[in-house]
Amino acid sequence: MWRNLLGLRQISQRTISTASRRQFENRVPEKQKLFQEDNGIPVHLKGGVMDALLYRVTMGLTVVGTAYVVYELLAISMPKKQK
């Protein structure tokens, strides 16, 4: 039983130590500088092309959804003709 616990401890230490070898570059200061820049662009679009695309898709879906709801409300508010 003690051997199993010792083995688990060694495996967990190996996993932690190998994970700490990978170093990622800290890009937070670059992003802060980009988003704090006063260039007249709204903050929700400062991320670039993907932000603009996401914004336009969201607005398009909102307009289409609103139009569909209005259409359905009009359709159910009108009584159907009986033959």
Side-chain angles (χ1 to χ4, degrees):
M1 179 174 164
W2 293 108
R3 284 185 173 184
N4 288 340
L5 290 176
L6 183 61
L8 283 174
R9 183 178 294 165
Q10 287 176 347
I11 289 172
S12 66
Q13 286 176 349
R14 261 189 250 139
T15 304
I16 291 171
S17 67
T18 56
S20 65
R21 283 189 214 159
R22 287 181 261 156
Q23 295 292 324
F24 294 103
E25 181 184 349
N26 183 8
R27 291 184 284 166
V28 172
E30 296 171 19
K31 293 290 185 183
Q32 285 177 337
K33 190 175 183 180
L34 172 72
F35 282 94
Q36 291 175 356
E37 189 176 307
D38 187 18
N39 54 7
I41 299 173
V43 72
H44 62 275
L45 297 176
K46 283 189 176 185
V49 175
M50 285 306 291
D51 280 353
L53 181 66
L54 181 62
Y55 176 75
R56 289 196 174 130
V57 167
T58 303
M59 288 300 112
L61 287 172
T62 302
V63 168
V64 169
T66 303
Y68 181 70
V69 167
V70 169
Y71 169 77
E72 287 296 324
L73 284 173
L74 287 173
I76 63 174
S77 68
M78 309 244 180
K80 296 202 179 215
K81 295 180 182 175
Q82 294 183 3
K83 292 183 179 180

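Keep in mind it's a predicted model, so treat the numbers as computed, not measured.
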Expected list for residues 42-64: side-chain donor-acceptor pairs under 3.5 angstrom, two or more places apart:
from	atom 1	to	atom 2	distance (Å)
Lys46	NZ	Phe35	O	3.1
Lys46	NZ	Glu37	O	2.4
Asp51	OD2	Gly47	N	2.8
Thr58	OG1	Leu54	O	2.7
Thr62	OG1	Thr58	O	2.7

Inset, instruction - For Asn39, look at atom CG and say whether over 12 heavy atoms of other residues, nucleotides or ligands are found less than 6.0 Å away. - result: yes

Inset, instruction - With sequence neighbours left out, write down each residue that passes side-chain contact (heavy atoms from CB on, under 4.5 Å) with Asn26, or none if nothing qualifies. - result: Val28, Pro29

Legend entry - Partners passing side chain to side chain donor-acceptor pair (under 3.5 Å) against Glu72 (at least two apart in sequence or in another chain): Tyr68

Can you give me every donor-acceptor pair (side chain of residues 74-81, partner residue at least two apart or in another chain, under 3.5 Å) with its distance?
from	atom 1	to	atom 2	distance (Å)
Ser77	OG	Leu73	O	3.2
Ser77	OG	Leu74	O	2.9

Inset, instruction - With side chain to side chain contact (heavy atoms under 4.5 Å, CB included) as the test, would you mind laying out the steps for Glu30 and Glu25 before giving the verdict? - result: CA-CA 11 Å; Glu30 296 171 19; Glu25 181 184 349; 3.7 Å; yes

